[in-house]
Q: 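Below is the structure I would like to discuss, written out as structure tokens.
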Amino acid sequence: MTGSTSRYMYAVALGAIALGIGGAMQYGSIILVSSAPSGAAPILPIDPEYVQLAAIPLEVLHDVREVSSQPDPVLSMANAISAPENKCEITMTANPAAAAMVSVDVKAPCHANTAVTIHHNGLMFTETTDDNGALSLDVPALSENALFMADFGGADVAVAATDVSSFIFYDRAVVQWQGQSGLELHAREFSEDYSGPGHVWRDAARNTSIAAQGKGGMLIELGNSNLPQARLAEVYTFPSLTSDNSGDVLLSVEAEVTTGNCAQDVNAQILQTNGSGRVRVQDVLISVPECDAVGELLVLQNVLDDLKIAAR
């Protein structure tokens, strides 16, 4: 949403595929713009219900070896001398950070300036390594035992895991999509209006310290939108168990009608967690109005559960 865009509400036809939530979500009366054919589920660009990475095929992992609990030092030295150095080995580390974030670092010397898809408990987004094949970023944890995967395609995959003890203190809402969908995630804390300081979105995202101190929520954008057909996501975080305030946090997804999405169906996926370790997943189909509506906004309410916050 841009500051100059009018807030005229168009009706949106939503096909709720994963959890069976149907109907058109909007501000005023319902006007059915278009909908998916009866009984026909759209082909989603995002793997539906990809909420666990517990079982990763061994053939995609690098250098898988079985090691005894007490290795023979002579044998270990012999292996070290005989084994050729793998200059293209991909490594990945994950370390907990403030506000239940995780600092993820990927090193892929043979994949400089290369697109890589990061997976975490249903969350998926596409980023790019630098000139040295490195990538460092902070990712919101969607589970206490957080497992991450960096996928360069084929067998070029690395994994990392960490425990995020502060995960239980935060609620998180995610909207993710592929390509130029025009989607945005909005949070109006304690029923704040759009012009107030409690309106959190990409142009008023706040920083991690606000959430870590229990003073309010924050939003983070994930993915490189300059890549063609990149997977992108926005994640809103609220410190529900350490909040200084009480009341409702109103959550909505909005989509600006642009020349890139008008008269098209946009597929998106909603993820939501309340610190319990379960991720609610919902696939959504949005029928965008015709191109004479460019510049208008679609407001999708009720696709996310509003938060009810009690002050600590």
Side-chain angles (χ1 to χ4, degrees), residues 50-53 91-107 116-130 134-151 158-176 184-187 189 198 200-225 230-245 249 251 269-281 304 307 309 312:
Y50 192 112
V51 294
Q52 292 295 334
L53 288 172
T91 61
M92 184 179 191
T93 60
N95 294 288
M101 301 288 286
V102 176
S103 296
V104 174
D105 292 282
V106 179
K107 294 181 179 179
V116 55
T117 300
I118 305 297
H119 298 256
H120 165 57
N121 212 36
L123 175 65
M124 289 178 283
F125 59 93
T126 311
E127 268 293 352
T128 311
T129 58
D130 63 17
L135 173 66
S136 296
L137 68 166
D138 289 338
V139 183
L142 297 184
S143 60
E144 185 173 0
N145 306 117
L147 178 64
F148 296 84
M149 180 170 70
D151 182 8
V159 295
T162 189
D163 291 332
V164 185
S165 60
S166 61
F167 170 74
I168 61 173
F169 295 100
Y170 297 90
D171 281 8
R172 285 199 157 119
V174 181
V175 58
Q176 59 185 9
E184 302 168 352
L185 178 57
H186 291 255
E189 295 176 358
V200 181
W201 63 298
R202 67 176 59 157
D203 284 357
R206 298 183 180 158
N207 56 40
T208 303
S209 64
I210 297 295
Q213 296 173 36
K215 297 185 179 300
M218 67 175 189
L219 185 137
I220 186 170
E221 297 178 73
L222 298 170
N224 186 342
S225 60
R231 297 183 186 274
L232 306 171
E234 291 189 355
V235 184
Y236 173 73
T237 299
F238 191 86
S240 298
L241 297 189
T242 60
S243 175
D244 291 335
N245 298 307
V249 176
L251 299 174
Q269 192 171 59
I270 303 295
L271 309 176
Q272 197 162 7
T273 180
N274 60 2
S276 66
R278 289 186 57 123
V279 178
R280 182 175 75 85
V281 183
L304 285 164
L307 307 181
I309 308 301
R312 59 181 176 179

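Note: hydrogens, waters and symmetry copies are ignored here, and every other heavy atom, side chains too, is used. The model shown is predicted, which means the values in this text are computed figures rather than measured ones.
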Q: Quick check: closest heavy atoms across Q176 and A233, and the distance to 0.1 Å?
A: CB-CB, 3.8 Å
Q: Just by distance, with hydrogens left out, do T126 and R231 show a side-chain donor and acceptor under 3.5 Å apart?
A: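 No, no side-chain donor-acceptor pair sits under 3.5 Å.
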Q: Kindly compute the distance separating CG (L222) from CG (L232), expressed to the nearest 0.5 Å.
A: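 L222 atom CG to L232 atom CG measures 9.0 Å (nearest 0.5 Å).
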Q: Show, in sequence, the C-alpha distance, side-chain angles and deciding distance for Q269 and V175, and conclude whether the side chain to side chain contact (heavy atoms under 4.5 Å, CB included) test is met.
A: CA-CA 6 Å; Q269 192 171 59; V175 58; over 6 Å; no
Q: So how far is it from D171 CG to L307 CG, rounded to the nearest 0.5 Å?
A: 5.0 Å
Q: Taking the side chain as C-beta and beyond, is there a heavy-atom pair between D151 and H119 under 4.5 Å?
A: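 SC-SC contact between D151 and H119 confirmed.
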Q: If only atom types and distance count, is the side chain of E234 paired as donor or acceptor with the main-chain N or O of L185 below 3.5 Å?
A: yes
Q: Measure the spacing between CD of E127 and OG1 of T117 and express it to the nearest 0.5 Å.
A: 10.0 Å
Q: What is the minimum heavy-atom distance between P239 and A211, and which atoms define it?
A: CB-O, 3.4 Å
Q: Show the numbers, then the answer: is there a side chain to side chain contact (heavy atoms under 4.5 Å, CB included) between M124 and I118?
A: CA-CA 6 Å; M124 289 178 283; I118 305 297; over 6 Å; no
Q: Can I get a per-line list of side-chain donor-acceptor pairs under 3.5 Å for residues 138-148, giving both atom names and the distance, sequence neighbours left out?
A:
unit_1 : atom_1 : unit_2 : atom_2 : d
D138   : OD1    : S103   : OG     : 2.9
S143   : OG     : N145   : O      : 3.1
N145   : ND2    : D163   : OD1    : 2.9

Q: Verify side-chain hydrogen bond (donor to acceptor under 3.5 Å, both in side chains) between R172 and T237, making sure each step is shown before the conclusion.
A: CA-CA 5 Å; R172 285 199 157 119; T237 299; 2.6 Å; yes
Q: Between CD1 of I220 and CG of N207, what distance do you get to the nearest 0.5 Å?
A: 11.0 Å
Q: Return the minimal non-hydrogen interatomic distance between I270 and L304, and the atom names on each side.
A: CG2-CD2, 3.2 Å
Q: What verdict does the side chain to side chain contact (heavy atoms under 4.5 Å, CB included) test give for N95 and V102, after you've listed the backbone C-alpha separation in whole Å, the side-chain angles of each residue and the deciding distance to 0.1 Å?
A: CA-CA 5 Å; N95 294 288; V102 176; 5.8 Å; no
Q: Let me confirm one number: the OG-CG distance from S240 to N274, rounded to the nearest 0.5 Å.
A: 8.0 Å
Q: Tell me every residue that passes side chain to side chain donor-acceptor pair (under 3.5 Å) with T91, counting only those two or more places apart in sequence or in another chain.
A: none
Q: Minimum heavy-atom separation for A205 and V200, please, with both atom names.
A: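 That would be O-CG1, 3.9 Å.
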Q: Do R206 and L219 have side-chain heavy atoms sitting under 4.5 Å apart?
A: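 No, too far: nothing below the 4.5 Å cut-off.
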Q: On a heavy-atom basis, which atom in A100 and which in V164 lie closest, and how many Å separate them?
A: CA-CG1, 3.7 Å
Q: Say you draw a straight line from CG of N121 to CG of L271; how long is it, rounded to the nearest 0.5 Å?
A: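 CG of L271 is found 8.5 Å from CG of N121.
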Q: Would L137 and F125 satisfy side chain to side chain contact (heavy atoms under 4.5 Å, CB included), going step by step from the backbone distance to the final call?
A: CA-CA 12 Å; L137 68 166; F125 59 93; 3.4 Å; yes
Q: Quick check: closest heavy atoms across M218 and M101, and the distance to 0.1 Å?
A: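 So the two residues come closest at CE-SD, 3.6 Å.
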Q: Will you find, in the side chains of N224 and T128, an N or O donor that is under 3.5 Å from an N or O acceptor?
A: yes
Q: If you define the side chain from C-beta out and look only at heavy atoms, does anything of D130 sit under 4.5 Å from L135?
A: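 No - every pair of side-chain heavy atoms lies 4.5 Å or more apart.
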